[in-house]
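Please read all numbers here as calculations on a predicted model, not as lab measurements. Convention: sequence-line order gives letters A, B, ...; per-chain numbering from 1.
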Amino acid sequence: MSAHVNAPSRAPQDLSESITGGVGESPSRPDGNLKVRGDYAYSSDLWAEDMLWGATLRSPHPYARIAGIDVGQALAYPGVYAVLTHEDVPGDNRYGLKIVDQPVLAEDVVRFRGEAVALVAADHPETARRAVELIAVDYEVLDPVTDPKRAAHDGTLPKLHPESGRENNLVRYQPVVRGRQDVSADVVVSGTYTLGMQDQAFLGPESGLAIPAEDGGVELYLSTQDLHSDRKQTARALGLPPDKVRLTMSGVGGAFGGREDLSIQAHVCMLAMHTGKPVKMMYDREESFYGHVHRHPAEMYFEHGATREGKLVYLKARMYFDGGAYASKTPVVVGNATTLGTGPYEVPNVDIAGWGVYTNNPPCGAMRGLGAVQPAFAYEAQMDKLASALDMDPVELRQRNAVDQGSVLHTGQKLDYPAPVGELIERARNLPMPPERDPAAEPDIRDLPGGAANTTHGEDVARGVGYAAIIKNVSYAEGADDYSTARVSLQAVGGEAVAMVHTAAAEVGQGLVTVQQQIARTELGVERVNIHPNDTSVGDSGSSSASRQTYITGGAVKTACEAVRETLFERATARLGHAVPDLTIVDGKLVSDSHGVLADVVDILGDEVIECTREYHHRPTYPLDPETGQSELVHVQHAFSVHRAVVDVDTQLGLVKVVALDCVQDVGKSVNPDAIVGQIQGGAVQGMGLAVMEEIQVSDGLIRNPSFTDYLIPTILDTPPMKVDIIERGDPHAPYGVRGVGEPPTISAGPAVLAAIRAATGLDLTHAPAGPEHITGTAH
Amino acid sequence: MDFLRAASLDDALATKAQRPDIAPIAGGTDLMVAINFDHIRPSGLLDLTSVPELADWSESGGVIRIGAGVPYARIISELGEHLPGLAMASRTVASPQIRNRGTVGGNLATASPSGDAHPALLACAAEVELASVRGTRRLPVAEFFTGVKRSAAEPDELITAVHLARATGPQQFAKVGTRNAMVISVCAFSVALHPDRAEVGTGLGSAAPTPRRAVEAEEFLAGELTSRGMWTDPRPLPETVVTRFGELVAAAAAPIDDVRGTASYRRHALGVLARRTVGWTWDEYSTGRQTCA
Amino acid sequence: MRLNLTVNGRPHQADEAWEGESLLHVLRERLGLPGSKNACEQGECGSCTVYLDDVPVCSCMVAAGQAQGRAVRTVEGLADGDRLDAVQQSFVDSGAVQCGFCTPGLLVQAHDLIERNPEPTDAEIRESLAGNLCRCTGYEKIMDAVRLAAQRKAVS
Ligand SMILES: Cc1cc2nc3c(=O)[nH]c(=O)nc-3n(C[C@H](O)[C@H](O)[C@H](O)COP(=O)(O)OP(=O)(O)OC[C@H]3O[C@@H](n4cnc5c(N)ncnc54)[C@H](O)[C@@H]3O)c2cc1C
Ligand code: FES
Ligand code: FES
């Protein structure tokens, strides 16, 4: 491992367990043993001799002017080493993923409840908390902007970011129009759908440890989704060149988009550099709700027209996304939602528009299924509504309109890879159904809505079945140069050829480490593949988001392995004195069809290390035309999944028990089938949570439920058995034909569950999550 | 903050008398949340987990005394038959880990309108035993709750036990939450039939500033059962009686809109729970067969 | 405050613990045993589950002083040297571990379940693990792992 002079205890380890299995197999995780022993080093486990604890003072108001900050008392508190405000930000007091609009520490104004205002470093977390309390901030409270639609259109509201140069409080406006705009249709259905704010609710709190370095730089150990993006933003805030800010990944306790933006990064480094001591920072669960972005809530009007035979004629859609106080990924949400807003269906005439806005609500950004989750709730509700208006089977209607390879989407992009949506829907319909409830049998209350809380013994329980088919883009889009870097080495260790894979691509739980090993084993023909901790001493890998890493970093590892292999073959040729045409490596031996076993890889390597670093770039994408939303290739790849949900609803109490949540998904090429099943099931339960219980409740800019007591995520008793049916229709443009896996199930599960609840109750249910109040008509 | 471990009840009461602002700690499942999140900073903690007088339950003359420190897990496994309502309520509290630690004493002391033991205790006409160096007293649980998270306990008092008559008829508890486990109640309801004295007991949770009974509903149902001679000759409960009982329970509630639910949902749901649970208890009473578990 | 307790069979001492600290904090920050995880510190997630005198509890809900003189067993104490406990091995083999943050608490809770109930039904497994949140797996492979562990323990 990289030997930092003053590495903290419990710094990340090399993963070097001996496990076997190449691409297409299901080897277990190289970090599995460490994790079940409790020995895996997460960022909240970090510890250094003599370290201090950092804490953050956050704004209690959604919108206020800061007239003054007095840190005197806090600084004087025994055990306090530093109290910092915006005046102490050494570099540029601005950061941001897409738009650099967020202060590291608030200056003259705070724009959301929870915005960071000042920092403390102290000898104990309790000391830090007491000191935070002693910082006196003089706020002039202002009326917050909280209505996203008004924020988009009402010029009389305060402009939260006048520097943006955009109209009103707009972050991005994007139309996508195609075909005729003056069409009518035999049957028209419309509806307005709303979606609450969802939290990633990863379990590992935001945390990290910064250690000042002798060269004036800083070492930061942390959990994140994107080391290089963090480094760029942090270095800018610290006023340091990027190479002086060295980041190392510690164990990440889940991410789901919530670790794309900075949280502790710049803050903890400022404290460490200011005090000259190691500083650890860790949010508690409440602070975590303020300290990371959430999924954009949305309001969406959708209108579909179709022929009597059930062919879609037109779609008109208007979508509003509340980005909250800072832009974060709002531009991407608008881009994804408008380019994916038709769903996986062919619609000849389309008029879609999306607005992403600034308000004084909590900032929203990346979360699994970014920008694709919201419209899926709308277009899938519409498909069921249309089926009902046409008196047609909803599955049949979806099949009639499903895209396929060769379809042209409303952006003008032609799908030049398999898009087997019709097949997915067919397979979902054919999956075996869970057994019917036997009304005569004595029920186990744990299987009923309400569970062990004993609310029904079968009374008023109705079953419903719902389907949802969805589309998601994979990887970065709209012209971003999307690439990853991998460094692969091969050397003889103890008589065995051992490969090492080193990337900055974040392992957040998804199993990228396993996939990297599998690729290296397959490409290099050696069993032993070690994984170097992720850090910034190797090139950029981009973010573990957008379902992209198996594709992009997988591609980089494959490319680097190929280069290592070529080098090895060149050496072999030199050693053997003649070229052998069809060399491969099998079980650590150089083999050729014509000559049989030629040499041990170990012998060819001798004492030398072969090391190659390679970048992998996917084919270029192109921006959307700002007025028409047209683009030759806006997304490098699309992924598709279909869910079928079966639910039991207590129609009197509005309680829901999901009975089955089965998925069919095209994964292109199944690199690790077991891990894919795990991704699909985990993703599905997040979608299910959004359909039935998960909502950050915001009123007047304040979060009313910043805790796991009142922000509820599904427990194991809420979760049904989930069948997964994987098909592989390779994408010829992608390494091994892979297709992004992580996000689609999160997108399809929620609308399927909601559809099933509608089927069970006969209600419209236009809001997700559908709570007991919505189902019983007692919301007000 | 300091930490004291009481070895006996006398020891604990003496400390509490000297330092009324010290926070007793039993299972810690309310108190530690408040400390971890910096909501309170008591002057000290008084650990009750080693006080033998609080640690057990006993029965004498048909009345069960549950020490304030008996965790839910033991109530579920040891008292399910004697006190089915309280055991059912205990089973809905939080998770197994929390039930291994959390106590009825702590639930009462917190006096939250959403405490799940409360409706069951109300329906069983339990008494709360309070002790101080001044002596011991017993208070009907309905008089114990005085406001949101406020109780009749004096600053120098500890809750030492609850007393409940051993069940003489069926009891039920049902709680609504927005997920199927590990959830604070949106509303809860408990009903107990007391055929020995021809009475009905009820308790409502998360329905008003304090846990409360639905006295009119109790009297209505007991009156109907008595006047129809159904205590001794149980026949199916008329639909009109079930409906009226539900209405009276809902009418007894004075709920609010909060982050967990709306007032109108709560009132509606309490009516539903009342109708269902009274049906289950009556089925059991009339057939001798318990439904579900 | 000075604390003496036994953790995973070994006596431990923590000096200068603040009285408001939880057992979880003491284990993680004072005794060098960060295996038990701190995902909520409000009793809701179960990641911090440890045995306290053979009873699984959320260690974030136990005041440090309450552990004085007690025996604690954490995830670090489940394996027998190099040999993983059947529950641990089954979690690895079933793919029940993704980010792994929920894993330590789940392992202790599942370990206790199988000790008390060697042949749990699915409904019993779910009720018993309802206080252990996992955000990654959707629980299906956790169910597989617990079933497998019960089978393995039954034959061994
Ligand atoms: C994750 C989680 C879920 C929960 N879910 C539920 C639920 O579903 N239903 C529910 O009802 N509750 C729930 N609770 C709350 C809590 O578990 C219960 O209120 C429990 O009964 C508290 O008991 P305890 O022994 O842990 O109390 P402690 O936390 O030890 O004490 C609680 C309060 O009572 C005082 N106190 C304790 N014992 C005494 C005594 N003998 N005399 C005087 N004062 C005393 C303490 O000073 C403190 O103020 C939950 C808590 C958590 C953490
Ligand atoms: S950290 Fe203890 S229950 Fe979540
Ligand atoms: S594996 Fe990540 S929370 Fe369970």
Side-chain angles (χ1 to χ4, degrees), chain A residues 9-10 26 28-29 31-42 44-45 47 124-126 200-205 251-256 282 284-285 444 446-447 451-452 508-511 674-675 677-686 707-709 713-717 719 721-722, chain C residues 18 20-21 25 28-29 32-45 47 74-79 84-85 87-89 91-104 107 121-143:
Chain A
S9 69
R10 308 203 277 266
S26 290
S28 53
R29 306 178 59 97
D31 54 13
N33 265 11
L34 288 171
K35 284 178 174 172
V36 297
R37 285 177 167 280
D39 289 341
Y40 187 73
Y42 293 88
S44 57
D45 302 340
W47 190 89
H124 189 278
E126 177 69 358
Q200 296 82 356
F202 46 70
L203 288 199
V252 182
F256 319 117
M282 186 177 84
D284 67 24
R285 184 52 57 184
D444 184 324
R446 291 169 292 202
D447 296 334
V508 296
Q510 81 279 46
D674 282 359
V677 170
Q679 281 298 300
I680 292 175
Q681 291 169 336
V685 172
Q686 292 181 0
S707 73
F708 274 179
T709 310
I713 64 174
T715 72
I716 196 167
L717 238 165
T719 309
M722 292 174 279
Chain C
W18 170 60
E21 286 174 12
H25 187 90
R28 291 175 50 79
E29 305 295 341
L33 291 165
S36 310
K37 288 290 166 275
N38 54 336
C40 74
E41 303 189 85
Q42 50 190 189
E44 293 281 350
C45 76
S47 313
T74 70
V75 66
E76 288 103 330
L78 290 183
L84 295 180
D85 183 86
V87 181
Q88 293 172 305
Q89 193 61 54
F91 267 65
V92 174
D93 296 344
S94 303
V97 180
Q98 288 189 25
C99 84
F101 214 78
C102 64
T103 308
L107 290 171
T121 63
D122 281 4
E124 286 165 349
I125 298 174
R126 291 191 195 276
E127 187 172 12
S128 153
L129 300 184
N132 291 82
L133 297 177
C134 172
R135 191 55 158 168
C136 299
T137 65
Y139 303 105
E140 191 75 335
K141 285 172 181 288
I142 291 172
M143 291 297 295

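- Contacts between Arg29(A) and chain C at a heavy-atom distance below 4.5 Å involve the side chain alone, from C-beta outward.
- The structure places CG of Asn33(A) at 6.5 Å from CD of Gln89(C), a figure rounded to the nearest 0.5 Å.
- Nearest heavy-atom pair across Gly678(A) and Lys141(C) is N-CE, 3.5 Å.
- Of all the listed residues (Glu21(C), Glu29(C), His25(C), Glu76(C)), the one sharing the greatest number of non-hydrogen pairs under 4.5 Å with chain A is Glu29(C).
- Of the two parts of Ser26(A), neither the backbone nor the side chain holds a non-hydrogen atom closer than 4.5 Å to a non-hydrogen atom of chain C.
- Per-residue heavy-atom pair counts under 4.5 Å with chain C were compared for Val252(A), Thr709(A), Ile680(A), and the maximum is reached by Thr709(A).
- In this structure, chain C has a heavy atom under 4.5 Å from the backbone of Gln200(A), while its side chain stays farther away.
- No donor-acceptor distance shorter than 3.5 angstrom exists from the side chain of Tyr139(C) to the backbone of Val685(A), with no hydrogens or angles considered.
- With a 4.5 angstrom heavy-atom cutoff, Gln686(A) touches chain C via backbone and side-chain atoms both.
- Nearest heavy atoms, Gln98(C) versus Gly509(A): CB-O, 3.2 Å.
- Neither the backbone nor the side chain of Asp31(A) comes within less than 4.5 Å of any heavy atom of chain C.
- Contacts between Ser28(A) and chain C at a heavy-atom distance below 4.5 Å involve the side chain alone, from C-beta outward.
- Here Cys136(C) is the residue among Cys102(C), Gly43(C), Cys136(C) with the most heavy-atom pairs under 4.5 Å with chain A.
- In terms of heavy-atom pairs under 4.5 angstrom with chain C, the leader among Met282(A), Arg37(A), Gln510(A), Arg285(A) is Arg37(A).
- Ser44(A) has its side chain within reach of Arg28(C): a pair of non-hydrogen atoms, C-beta onward, lies under 4.5 Å apart.
- If you measure heavy-atom distances from Ala130(C) to chain A, the contacts under 4.5 Å come from both the backbone and the side chain.
- Taking Ser94(C) as the reference, nothing meets the side-chain hydrogen bond (donor to acceptor under 3.5 Å, both in side chains) condition, with sequence neighbours excluded.
- Taking 4.5 Å as the limit, every side-chain heavy atom of Trp47(A) sits out of range of all side-chain heavy atoms of Pro34(C).
- Looking at Gln681(A), its side chain never comes within 3.5 Å of a backbone N or O of Gly138(C) through a donor-acceptor pair.
- For the pair Glu127(C) (side chain) and Ala452(A) (backbone), a donor-acceptor distance under 3.5 Å is absent.
- At least one donor-acceptor pair closer than 3.5 Å links the side chain of Lys35(A) to the backbone N or O of Cys99(C).
- Atom CD1 of Ile713(A) sits about 4.5 Å away from atom CG of Leu133(C), to the nearest 0.5 Å.
- Within the 4.5 angstrom heavy-atom criterion, only side-chain atoms of Tyr42(A), from C-beta onward, approach chain C.
- Each of Leu129(C), Asp122(C), Val87(C) has some count of heavy-atom pairs under 4.5 Å with chain A, and the biggest count is that of Leu129(C).
- Across Ser47(C) and Leu203(A), no two heavy atoms sit closer than the pair OG-CD1, 3.9 Å.
- Note on ring orientation: taking the six-membered ring where Trp is involved, the planes of His124(A) and Trp18(C) are perpendicular (angle over 60°, cut-offs 30° and 60°).
- Using a 4.5 Å cut-off between heavy atoms, Pro714(A) contacts chain C through both its backbone and its side chain.
- Across Gly682(A), Gly511(A), Gly38(A), the residue that shares the most heavy-atom pairs under 4.5 angstrom with chain C is Gly682(A).
- Expressed to the nearest 0.5 Å, how far CG of Asp674(A) lies from CG of Asp93(C) amounts to 10.5 Å.
- Looking at residues two or more places apart in sequence or on another chain, you find no salt bridge (charged side-chain N to carboxylate O under 4.0 Å, His left out) involving Glu140(C).
- Although no hydrogens or angles enter the test, the distance criterion places no donor-acceptor pair under 3.5 Å between the side chain of Arg135(C) and the main chain of Gly253(A).
- Residue Phe708(A) comes nearest to Ala39(C) through the heavy atom pair CE1-O, 4.5 Å, listed as atom of the first residue, atom of the second, then distance.
- The two residues Val36(A) and Leu107(C) come nearest to each other via the heavy atoms O-CD1, 3.3 Å.
- Per-residue counts of heavy-atom pairs under 4.5 Å with chain C were compared for Gly204(A), Gly254(A), Pro125(A), Gly32(A); the largest is that of Gly204(A).
- For the pair Asp284(A)/Gln42(C), no side-chain contact is recorded, criterion being any heavy-atom separation below 4.5 Å from C-beta on.
- No other option in Met143(C), Glu41(C), Lys37(C) has as many heavy-atom pairs under 4.5 Å with chain A as Lys37(C).
- When every heavy atom of Arg126(C) is checked against every heavy atom of Thr719(A), the shortest pair comes out as NH1-O, 3.0 Å.
- Both the backbone and the side chain of Glu124(C) come within contact range of chain A, with heavy atoms under 4.5 Å apart.
- Heavy-atom distances place both the backbone and the side chain of Ala201(A) under 4.5 Å from chain C.
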